[in-house]
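For the single chain, residues carry numbers from 1 onward in sequence order.
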Amino acid sequence: MAALKGLRSTYRLNSGHEIPVLGYGVYMIPQSQTEKATLEALKIGYRHVDSAIMYRNEKACGRAIANSGLDRSEIFFTTKIPPEKMGYTRTKKAIDSSLREAEQEYFDLILIHAPYGGKEDRLGSWRALVEAQQAGKTKSIGVSNYGVHHLDELEEYIKNGGGGQIDVGQYELHPWCDRPEIAAWLQKRDIVVQAYSPLAHGTRMGERVLKELGQKHGKSPAQIMIRWGLQRGFVPLPKSVTPSRIKENAEVFDFELSEEDMKALQTGVYSPTDWDPTVDYD
């Protein structure tokens, strides 16, 4: 637990770069609200912003970073390649387009958003990410929503000379969708696991176990869920546009769930609130 000291705590990626252990997610935040909300998160102390081409708010995130008064090197900024941009050529163009859109010289992390398009396109997109990393357009690379069979496919490609290494795997992760097989595959290889939708879009806030643990620790159900992710070794990416909740979501470093608490959160339920390409695509 030594790494979990606060918002400035980091994990070291396979690329050698550092990633903050808690990020600010901007999924489903309208572009008109993104800059203000992201600025608020940076003001509170977040140094990790997770966006995507699909979210249509890269530009607003870039503006917030530029207007934050912080040096660019202090902020970890992510984007993702969407399904319609899969394949070597399309991914190469998408990377350059995102850099222009967000007005960035580089991203800290670019992920393949989902394993769409079939094997040829998946591996072509990976090759484009490797080249972008070599060219300094991104510091680290990874995947999102890949099932174990997709991860095995990519690992084989890399081992056979495809290049690069997986720095990050990003998934919907919370006590009602904990994906133990995928998490184990990634963590065995020292790949950092990011948790999007760590609050399950608010659908589980009334669960008895969250209320009981919240009362025990003097924390909200959301804080219990985020802390669960941190103690699993994940990098949670909670999202909110409400300043008080953005702040609350970061106040998770002053308590610790016990082994008994963590066992109580092993629900055995597999209930994603978003899409689930890990099982839907070959």
Side-chain angles (χ1 to χ4, degrees), residues 1-26 42 45-52 58 61 65 70-81 91 95 98-99 102 104-115 122 125-146 148 150-152 154-155 157-159 162-173 179 182-196 198 226 229-238 253:
M1 305 307 297
L4 302 180
K5 295 178 180 177
L7 283 169
R8 308 299 171 85
S9 298
T10 61
Y11 294 129
R12 182 173 291 274
L13 297 169
N14 285 329
S15 63
H17 296 287
E18 302 285 331
I19 183 171
V21 300
L22 187 69
Y24 178 63
V26 298
L42 294 171
Y46 289 81
R47 293 295 181 266
H48 178 177
V49 179
D50 182 82
S51 184
E58 293 170 303
C61 290
I65 291 169
L70 298 166
D71 190 273
R72 173 65 182 86
S73 64
E74 295 182 50
I75 301 170
F76 192 99
F77 187 20
T78 301
T79 195
K80 309 179 192 78
I81 305 300
T91 295
I95 292 166
S98 282
L99 288 167
Q104 299 295 304
E105 294 184 1
Y106 68 91
F107 286 102
D108 293 276
L109 174 66
I110 300 179
L111 302 173
I112 297 174
H113 209 144
R122 283 194 292 271
S125 289
W126 180 257
R127 183 158 62 96
L129 260 60
V130 171
E131 290 182 4
Q133 186 179 30
Q134 292 170 342
K137 296 177 181 180
T138 183
K139 293 187 174 182
S140 303
I141 57 178
V143 297
S144 179
N145 297 304
Y146 271 42
V148 169
H150 303 123
L151 293 167
D152 286 339
L154 179 55
E155 183 175 58
Y157 175 73
I158 291 170
K159 285 181 177 179
Q165 56 187 344
I166 307 170
D167 296 311
V168 170
Q170 186 182 118
Y171 297 83
E172 178 180 352
L173 289 163
R179 305 185 192 274
I182 292 173
W185 193 102
L186 296 165
Q187 291 177 327
K188 181 181 179 181
R189 293 157 175 81
D190 296 320
I191 297 167
V192 167
V193 183
Q194 289 183 320
Y196 73 75
I226 294 168
L230 288 169
Q231 289 186 212
R232 285 291 305 274
F234 304 154
V235 174
L237 304 167
F253 297 97

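- For the pair Asn145 and Tyr196, the minimum side-chain heavy-atom distance is below 4.5 Å.
- Considering all non-hydrogen atoms of both residues, Gln165 and Ile158 come closest at CA-CD1, 4.3 Å.
- In terms of heavy atoms, Val130 sits closest to Gly163 at CG2-O, 3.6 Å.
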Val193/Gln187 under side chain to side chain contact (heavy atoms under 4.5 Å, CB included): CA gap, chis, key distance, verdict: CA-CA 7 Å; Val193 183; Gln187 291 177 327; 3.8 Å; yes

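- Trp126 places a side-chain heavy atom less than 4.5 Å from the side chain of Ile166.
- Contact check on Arg189 versus Glu155 returns a salt bridge, with a Lys/Arg side-chain nitrogen under 4.0 Å from an Asp/Glu carboxylate oxygen.
- Atom-to-atom distance recorded for Ser140:OG and Leu129:CG is 10.5 Å, nearest 0.5 angstrom.
- Atom CD of residue Glu18 and atom CG of residue Asp108 lie 11.5 Å apart, to the nearest 0.5 angstrom.
- Residues Pro115 and His150 share a closest heavy-atom pair of CG-CE1, 3.4 Å.
- Minimum interatomic distance between Leu186 and Gly169 (heavy atoms only, all atoms of both residues): CD1-CA, 4.2 Å.
- Residues Leu230 and Pro236 form a side-chain contact, since some pair of their non-hydrogen atoms from C-beta on lies under 4.5 Å apart.
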Full working for side chain to side chain contact (heavy atoms under 4.5 Å, CB included) between His48 and Leu22: CA-CA 7 Å; His48 178 177; Leu22 187 69; over 6 Å; no

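- Put simply, the side chain of Arg72 gets close to the backbone of Ile75: a donor and an acceptor are under 3.5 Å apart.
- Within the 4.5 Å cutoff, side-chain heavy atoms of Trp185 are placed close to those of Asp152.
- Interatomic distance, CG of Leu237 versus CD1 of Ile226, reported as 10.0 Å (0.5 Å rounding).
- Glu172 has its side chain within reach of Arg179: a pair of non-hydrogen atoms, C-beta onward, lies under 4.5 Å apart.
- Looking only at side-chain heavy atoms (C-beta outward), Thr78 and Phe107 stay at 4.5 Å or farther from each other.
- Taking the side chain as every heavy atom from C-beta outward, Phe234 and Pro198 never approach each other to under 4.5 Å.
- Taking the centre and axis of the six-membered ring of Tyr157, the NZ or CZ atom of Arg127 falls outside the cone set by 45° and 6.0 Å.
- The salt bridge (Lys or Arg N to Asp or Glu O under 4.0 Å) check on Asp167 picks up nothing, with sequence neighbours excluded.
- Distance check: Leu70 CG to Ile65 CD1 gives 9.5 Å after rounding to the nearest 0.5 Å.
- No donor-acceptor distance shorter than 3.5 angstrom exists from the side chain of Arg12 to the backbone of His17, with no hydrogens or angles considered.
- Heavy atoms only, all atoms of each residue included: Tyr106 and Gly136 are closest at CB-O, 3.4 Å.
- The closest donor-acceptor contact from the side chain of Tyr11 to the backbone of Ile191 lies at 3.5 Å or more, if one exists at all.
- Remark: side-chain polar atoms of Ser98 are not paired, donor with acceptor, to backbone N or O of Ile95 under 3.5 angstrom.
- The distance from atom CZ of Phe77 to atom OG1 of Thr138, rounded to the nearest 0.5 Å, is 11.0 Å.
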Side chain to side chain contact (heavy atoms under 4.5 Å, CB included) assessment of Phe76 paired with Thr10: CA-CA 11 Å; Phe76 192 99; Thr10 61; over 6 Å; no

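- The pair Asp50-Lys80 counts as a salt bridge, with a side-chain nitrogen and a carboxylate oxygen less than 4.0 angstrom apart.
- Here the closest non-hydrogen pair linking Ala183 and Arg232 is CB-NH2, 4.3 Å.
- In this structure, Glu105 CD and Lys137 NZ are separated by 13.0 Å, a value rounded to the nearest 0.5 Å.
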Check against side chain to side chain contact (heavy atoms under 4.5 Å, CB included), Ile19 and Gln194: CA-CA 10 Å; Ile19 183 171; Gln194 289 183 320; 3.4 Å; yes

